[in-house]
Each structure stands twice: as C-alpha cells, then as structure tokens.
Amino acid sequence: RSLVVRRPNVTKYTYVKLDELKDQTVVSLYGVVVFFKQPFKSRGTDFCSSLKITDQSNLKIVCTIFCDKLENHPKIFQIGDIIRLHRVKVHSMTLLNTHGFSVVTFDGAVGGPVEPRASSLHFHFDKEDRRIVKELRSWAATQTLRPPLPTIPLSAVQPRTYFDLTCQLLSKAVIDSTCTLLRVWDGTRCSRPLLRVIVERSSVEGPSSFSRQKENLIANVLVYDNHVMVARELKPGDFLRIYNLRAIPGASKVPGLTSNQLEDQDHLAFHLHGGTAYGRGIRVLAPELHPKWELYARKEAKLVCRGEPDTSGGGDAVQTSKL
DNA sequence: TTAGGATTAG
C-alpha cells in the first residue's frame, strides 16, 4: 500500500449571509450569538443546542443542533460570541445541523485574540477566518448585542434576581434524586448573608468543611431536575459558569435555631430551577476561559479579613488560572 | 427523532 501524501487543506469555504438563505440548501455561515442554551438532553437520543444568531443583514435566525456527543456542540459562553457553522441545512428559515456538520466559536470582544474554539478535532482556520471574525466583532460592537458585564460577582448579587455566575466548585452533595447542592465561590463576598445548607458528611464530594473565613464566601447553589445529571459530572475544583441562576432570600435551616429568628430571614440561597428557560444551565469553563480572579479576589480578601482573627487561609487559597 | 427561547413555584 502506498502512502498517501495529502496536500495542505485547500478547501475553500463560501460563507453566506443570513439574508441569502434558500430553503432546503446546505450552507456554511458566520454569525453573532444573540441567544443560546447550553446543550441539554432531548427526548430523543441526542443533546440539543438551541441558539439564535445574527449578522450584518440584521436578520435573526434560529439554529438547532442535535448531536449525541457533548464535545461536538458549539462552545458558547456568552451573548456576542462569534460562531462559524459548516454544513447546516436551511429549514423554513431555521438552521439544522446536517451530515458533516462542524462548528467553531470565538470570543466576540473587539481587539481580543482570535482563538478558535473548535468542536471537532480537525478544522479549517486561516487568515480569511480571522478577517471575518474581526469584521463581525466590529459590526456587533455597534449593535449593543453584548451584555455590559459578562457575569455578576457574588458581591453584586441582588435578592430575587436572575443572573449568570462564574465561579469555582469547591464541593457538592446529592440531596435527593431531583436536587444536588453545589458549594461554589468566586472570591468576592456577597453583600447579604449566605444561606447555610446542612448535609450529611457522607454525601459530600470534596471537603466537607472549610475555614470560617472561607465559609463566609461560599454560596450554596441548589440545582434541580435536568441539571442534576450535569452536576453529576462536575468535579470539585472545576470552574463553572451557571446561567440564569436565581438568588432567593430565605431562612437558614440550622439545627437548634428556629427559622423565624429575624437574623435568619434574609439569607441568600441560589437556585438553578429545572428547565432551560432563558438559557438556564451549567457549563464547565475551559482553562483559557478561567476568570482572572487574582486581583479582585485579593482586594476582596482584605475586606473580608478586616476584624477577623482567622486569616490563616492555609490550603484554602483561591485556585486561579495562569491567565 | 429530538426542539420549536420566553423563568420554579423546591
């Protein structure tokens, strides 16, 4: 058998604009993400990614991706991300992945590095892609598509609001078949006292307790229903983005205290309700997306430590990324 | 095939 020497990939892709879509054709295109859901389990055999994209034509087009492998789904982290789709089929003005489908995404920030986040092992990427990404970024910047802040830190969370949280998982515990507790932090201190959740030591994965100082920074996130199976795959230490999390004031259930004690009435708990409305879900952040927490975590730490004797920290230091 | 954005109700 002779060795086949491949020429460098010279495939030329033609990208169409969203106002050039013709029904039942297979196309490749670029867009800016204006809505997205992280992949969720469908009633069939696949995971489903549901998104809406736009481009300079200003049309907004729905795109649905069915794929049984999570890693083949688009790596979208926030509104404004740039997406490149290869081989999607136009179905009455919506897009569906078709045979040979592949996807690459990019951060949407003007001036940032153009780093492809591919969902397949091999993918085409050249100068022309770089140019298109930059062009779309510049255009999107004039459209007020991106949220003013990518996520809200714990220190800025308001009761009864929905928000996206970027955080690190410290430990987790299965509560029951429909609920899992995630204990997370982002290095900032919530302006409200945080709800305590008491669980059996044996059900905890990861450390079952932390220094008092650290406990004050830890948010208890209760995730329900469809999110329980996602939570099962999470490992203590993972950096997460939790979408459409809700801050709920309530009373701590601490043994020996009655729940109607005044000081217990306003503690914040965090609920990730069942369903995928408003993009609700959890995503593990790849290393290149880990937050640059070092600076503000340290600044916050000073505030936290003021007046507290226990500042040892020990092995509890925030694990931060190299970036 | 599946979903088809559009808050749980713990």
Side-chain angles (χ1 to χ4, degrees), chain A residues 18 21 23-24 31-54 59-70 72-74 76-81 83 85 88-99 101 103 145 147 151-152 157-165 172-183 195-199 203 219-231 241-253 259 267-283:
Chain A
L18 294 174
L21 302 179
D23 204 39
Q24 299 304 118
V32 183
V33 175
V34 295
F35 171 79
F36 67 99
K37 289 183 179 185
Q38 296 299 348
F40 59 94
K41 199 84 183 76
S42 74
R43 278 173 239 256
T45 58
D46 295 332
F47 287 96
C48 175
S49 286
S50 183
L51 42 138
K52 193 180 279 179
I53 60 176
T54 189
L59 289 178
K60 291 182 175 63
I61 300 290
V62 167
C63 177
T64 307
I65 292 157
F66 292 108
C67 192
D68 60 347
K69 293 192 179 67
L70 271 177
N72 294 136
H73 281 258
I76 300 169
F77 297 98
Q78 61 180 319
I79 305 289
D81 281 357
I83 187 167
L85 295 157
V88 285
K89 189 165 187 181
V90 184
H91 267 283
S92 48
M93 287 315 278
T94 71
L95 301 168
L96 273 172
N97 60 306
T98 185
H99 185 70
F101 158 82
V103 59
L145 295 172
T151 65
I152 289 185
V157 168
Q158 294 302 311
R160 279 171 281 268
T161 57
Y162 291 93
F163 66 104
D164 296 342
L165 177 67
K172 60 176 189 172
V174 172
I175 304 290
D176 60 39
S177 64
T178 68
C179 182
T180 293
L181 169 69
L182 302 180
R183 308 202 72 210
L195 186 88
R196 288 161 191 269
V197 178
I198 309 298
V199 294
S203 67
N220 289 307
V221 177
L222 293 162
V223 312
Y224 292 97
D225 306 338
N226 52 312
H227 310 297
V228 165
M229 70 171 253
V230 178
R241 191 160 292 163
I242 306 178
Y243 298 89
N244 198 231
L245 187 59
R246 190 170 189 211
I248 298 184
S252 284
K253 305 281 190 294
S259 59
H267 290 203
L268 280 191
F270 299 91
H271 290 222
L272 190 69
H273 296 298
T276 62
Y278 287 83
R280 185 178 303 141
I282 304 175
R283 179 108 205 185

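In this text, all values refer to a predicted model and were calculated from it rather than measured experimentally. Below, read A as the first sequence line, B as the second, and so on, with proteins coming before strands; counting in each chain starts at 1.
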Reckon [X] touches a base, only the sugar-phosphate, or nothing at all at heavy-atom distances under 4.0 Å?
X         : value
Lys52(A)  : base
Gly274(A) : base
Cys48(A)  : sugar-phosphate

Contact boundaries on DNA chain B for chain A, cut-off under 4.0 Å to non-hydrogen atoms: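 Result: dT1(B) to dG10(B).
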What orientation do His273(A) and Tyr224(A) show, parallel under 30°, tilted 30 to 60°, or perpendicular over 60°?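 The rings of His273(A) and Tyr224(A) lie parallel, inter-plane angle below 30°.
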To the nearest 0.5 Å, what is the distance between CD1 on Ile242(A) and CZ on Arg280(A)?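 The distance works out to 12.5 Å.
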So which one's nearest nucleotide on DNA chain B is more toward 5', Phe66(A) or Asp225(A)?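 This one resolves to Phe66(A).
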By nearest nucleotide on DNA chain B, pick out whichever of Arg280(A) and Thr178(A) is the more 5' one.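 Here Arg280(A) is the residue nearer the 5' end.
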Flag, side chain of Gln78(A) to backbone of Val33(A), donor-acceptor distance under 3.5 Å: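 Judged by distance alone, no pair lies under 3.5 Å.
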Test Val88(A) against every option in Thr94(A), Ile65(A), Leu95(A) by the side chain to side chain contact (heavy atoms under 4.5 Å, CB included) rule and name the one that passes.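 The residue from Thr94(A), Ile65(A), Leu95(A) that satisfies side chain to side chain contact (heavy atoms under 4.5 Å, CB included) with Val88(A) turns out to be Leu95(A).
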With Val228(A), which of Val174(A), Asp176(A), Thr180(A) fulfils side chain to side chain contact (heavy atoms under 4.5 Å, CB included)?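 Running side chain to side chain contact (heavy atoms under 4.5 Å, CB included) over Val174(A), Asp176(A), Thr180(A) with Val228(A) returns exactly one hit, Thr180(A).
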Side chains of residues 44-52 of chain A: which donor-acceptor partners sit under 3.5 Å, not counting sequence neighbours?
unit_1   : atom_1 : unit_2   : atom_2 : d
Asp46(A) : OD1    : Asp68(A) : N      : 3.4
Ser49(A) : OG     : His73(A) : ND1    : 2.6

